[in-house]
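What follows is a single structure, written as structure tokens, with notes after it.
Every chain is numbered from 1, with letters handed out A, B, ... down the list of sequences.
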Amino acid sequence: MDVVLLFVMIIGLMLLGVPIAVSLGFASTIFLLVLSDTSLASIAQSFYQAMAGHYTLLAIPFFILASSFMSTGGVARRIIRFSIALVGHFHGGLAIAGVFACMMFAALSGSSPATVVAIGSIVIAGMRQVGYTKDFAAGVIANAGTLGILIPPSIVMVVYASATDVSVGRMFLAGVIPGLLAGTMLMVTIYVIARIRNMPQDPWRGWGEVWESGRDAMWGLFLIVIILGGIYGGIFTPTEAAAVAAVYAFLIANFVYCDMGPLKVAEGERKRTLLHKPIALITAFFHKDTKDTLFEAGKLTITLMFIIANALILKHVLTDEQIPQQVAGAMLEAGFGPILFLVIVNVILLIGGQFMEPSGLIVIVAPLVFPIALELGIDPIHLGIIMVVNMEIGMITPPVGLNLFVTSGVAGMSIMRVVKASLPFLAVLFVFLILVTYVPFISTWLPTLLMGPELVVK
Amino acid sequence: ACDEGEMVIKFSHVTNTDRHPKGIAANLLMERVNAEMDGTACMEVYPNSTLYNDDQVLEAMLNGDVQMAAPSLSKFEQFTKVFRIFDLPFMFKNIEAVDAFQASDAGQEMMQSMARRGLLGLGYWHNGMKQLSANKPLNEPGDAAGLKFRVQPSEVLKAQFEALDASPQPMAFSEVYGALQTGVVDGQENTWSNIYGQKFFEVQDGTTETNHGVLDYLVVTSTDWWDGLDEGVREQLNTIVTEVTNERNAAVAEVDAEARQAVVDAGGEIRELDDAQRQAWVDAMMPVWEQFTDDVGQENIDAAQGINANF
Amino acid sequence: MAGKDAPRSGWGGFVDEFEESVIAVILGLMTIITFINVVLRYGFNTGLIWGLEATSLLFAWLVLFGISYCVKKTAHLGVDAVVNVLPAGPRRLLGLIAGAICIAYAFLLTKGAWDYWSNFANLPQTTGRWFPTGLEEMGRTSYRGWYEVIDIPFPEWLRWIQPIMNDGQDYEKLPRFIPYVILPVGAALLLFRFIQATLRIWRGEANGLIVSHEAEDAIDDVAHLNKGD
Ligand code: NA
Ligand code: NA
């Protein structure tokens, strides 16, 4: 009963306009002080240890940084050009290319909104120029943008791995096939709609353009090879992979793409290389662009970690009151089987996603459902992917959905119009959710193939 | 859950509750306290680091937020460096020698040695002797040269691997399996319980039965809390802890042997050392003692060696 | 980009610049230390044994230092669906209530942070469960200046603090009160910024304390691309 009151209080505070982090932290603190003999010092300790004691979460700032270096307009433009060269000549080609570009950008970025902003701003404008309606374009991008957290790297997966002690590397591998599958389902849907409505197609530009644009985009896309290859190849841990990715992205952005830093030139000017200005190797580290990117990534890290740290305080309350055991006991006693259990998880996450930032939600929900899932014989990696897909869908369901907001901002449309526009594709993602929920090997096949069977040590 | 009016004793640890020696012992302790001290005291066990990890738990204990824990002995090096004696390679011949040393005056004194800093030891819980594993065969000490070994944070363990010309690497325990599997690190040292429980043997070439070190835990409480208990309650609690300690420690050799056998049954390679090979490992690692003699005290080393002679 | 809603001149501009630089430098250090350790381990079979712990501490510093800055810049995430549909009057009232709750939160966190840190610095904790009612009487175990971190070596140039903090005994590793000091400092700064932010709402200079999503700034930069139907 107390717990219900706790959650009501958190949601109430959020609706008042209290920051999510403070809503979680304040309600939890009050409960700890009233219900237990835990001291305020212990809450401060939890806060500090949220960062210093959770080694896995260190991947978050690094992936955000890598993504920030890669999120310059130039990288998105190169990826879009490559996508159009590959699939633009199909019916609905530009829309399909938009999904394809979102999938590729998702492989550089750990977050969905970032994907929508980077790809959406350019693709929506491009689609309108060749005659698509704005609604169709926005609907496509809002949905495809959610792939940002399913295709690795993914901040949400890092948080899940940290909350449940499963391997981040495994989670990343598990996201690959579902990510490709969801993207393909969206593209096929667009193709079908395009054939029915006879939507525009671009002329085929030839293999030369595919090669040319592919080579140009490849420097950026190589990031995902570094991350997965480095983890799987035994060069670094997932956390370190994130740091290496950030350094790689810095080098590419400064010295190959020259989208930022000392070698950047105004549009139309001749490109300068390191050979012309070798001193740039030193000055790039101190360039204003570098500092600004570090700062922006730092700021995003701070706001996310503020939420996660306070969610961990809430987790401390739940642990202290032994809520996970009670919930598990009640659910198992009620005789829930795996299927009903997964339905409940889906519903909790879809509702929770209305109010909560995805990473904070995972921190709170994972410890509640994880023990039950293990008891019911559900694979932890599979559960993780289910949770991520739920987060995705939460992002595009009204009333509150992160991607709805972002898309409405990027496309200059009202939220309700974006909601309507994304409905057909939302239906596709729902089918996808059901597939992923009840067909475990979509998630577990690749990690098991490459890293052996999942080991459950609890 | 605890009843109204009962004193709540929180016991926080980092392992599972049903297979790990520490988790099993903690659960037994909880059952006995809750049965025998019903109405007076009530113990709640928080396993799997759900409340605190081993480093945080000691801070929380000093602040009165948790009453009992059982971190591994090397975690107490920050309180007093005497505890480094348990990490020194080949200091103890086997777990029986460890047990005898802990029961001796020197060992009992060490439980009291942190009192000035607010901690009191109530009993040593065994896990077992440590073995060495890597992604290539380790027969001689030279085989470890150039390899990367995951170590627990401890100056002694770092020095031990440096003495082998190997590279000690700190790493969160949860990352070790993946790191061994992919080759981020080449090897690790642990007890049979952990090697089997964490399935490390699956991702290693084999495990060499070196018995070179010991992994044990110390059940601790805060002096402030302990001194504040009623005399009778304190004595009853102390008796229960001691009895649980003796019961579980007596069973640990069996748990250890079962884990070793389970590794063999699961197809894990185990390399036994003959006397000459073992002596080579001793010779390679012994120089580490000198570095830490001042920390642990020559008299303690002498006591340990005197006990070794009996086994 | 950062700080477009604040003047970049004078004292305020300097403080902004300082805070932004600290955030950038900490994240840069974390990245470089981690990267160097990968290179050292993979390429040279060695490593900075303290690198892992140092990076973790810097991570805590990044967030604890930065949360107050993000309050100042209204960058913390929240749900504005309800607030946005309200007329100006009730909205201001809700803003003030939310501000009061944030102040209460930061106040409790600051007390907790002081209580957690102070003993590590041989200073007294406050008494009282909710509000500081006084200072504890220092007991034998309240002096924890000796408590060191795990791996980071003690820097030689700090040896002079040993007589003050550790009875003249040598530190082998960095004492914990040094990294932990960011807790009371960060929490106090957070309290200060929440008070400022609430005053801004009181004076009608601001609408609320939150932003609805992380990409708000980025959207402003691209919104012009898709104007009109
Ligand atoms: Na991604
Ligand atoms: Na939603």
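- Both the backbone and the side chain of A/L57 come within contact range of chain C, judged by heavy atoms closer than 4.5 Å.
- Heavy atoms of C/C70 lying under 4.5 Å from chain A belong exclusively to its side chain.
- For A/N310, the part lying near chain C is the side chain, with the backbone staying farther off; criterion is any non-hydrogen pair under 4.5 Å.
- For a residue to count as touching a neighbouring chain, one of its non-hydrogen atoms must lie under 4.5 Å from one of that chain's; by this rule A/I124 touches chain C with backbone and side chain alike.
- Proximity to chain C is absent for every atom of A/A137, based on heavy atoms less than 4.5 angstrom apart.
- Residue contact with chain C, scored on non-hydrogen atoms closer than 4.5 Å, involves the backbone and the side chain of A/F26 alike.
- Put simply, of C/L27, C/D115, C/L52, the one with the most heavy-atom pairs under 4.5 Å next to chain A is C/L27.
- In this pair, C/F131 and C/F107 present their aromatic rings tilted. The plane angle is within the 30 to 60° band.
- Interface remark: of the candidates C/L108, C/L94, C/D80, C/L209, C/L108 forms the most heavy-atom pairs closer than 4.5 Å to chain A.
- Residue contact with chain C, scored on non-hydrogen atoms closer than 4.5 Å, is absent for A/S46.
- A parallel orientation is assigned to the rings of A/Y132 and A/F136, their planes being inclined by less than 30° (bins at 30° and 60°).
- Exactly one residue among C/W117, C/F120, C/W61 makes a ring pair (Phe, Tyr, Trp, His ring centres under 6.0 Å) with C/Y180. That residue is C/F120.
- Closest of all the heavy-atom pairs between C/E53 and C/I152 is OE1-N, 3.1 Å.
- Each of C/G95, C/A187, C/S118, C/P179 has some count of heavy-atom pairs under 4.5 Å with chain A, and the biggest count is that of C/P179.
- Only the side chain of A/L300 comes within less than 4.5 Å of a heavy atom of chain C; its backbone N, CA, C and O stay farther away.
- Neither the backbone nor the side chain of A/F250 comes within contact range of chain C; no heavy atom of the residue lies under 4.5 Å from a heavy atom of that chain.
- Considering A/T407, A/D135, A/V419, A/L404 as possible partners of A/M413, the one that fulfils the side-chain contact (heavy atoms from CB on, under 4.5 Å) test is A/D135.
- In this pair, A/F306 and C/H76 present their aromatic rings tilted. The plane angle is within the 30 to 60° band.
- Of the listed residues C/V83, C/V82, C/I33, C/V38, the one with more heavy-atom pairs under 4.5 angstrom with chain A than any other is C/V38.
- Side-chain N or O atoms of A/S162 include none that pairs as donor or acceptor with a backbone N or O of A/V158 at under 3.5 Å.
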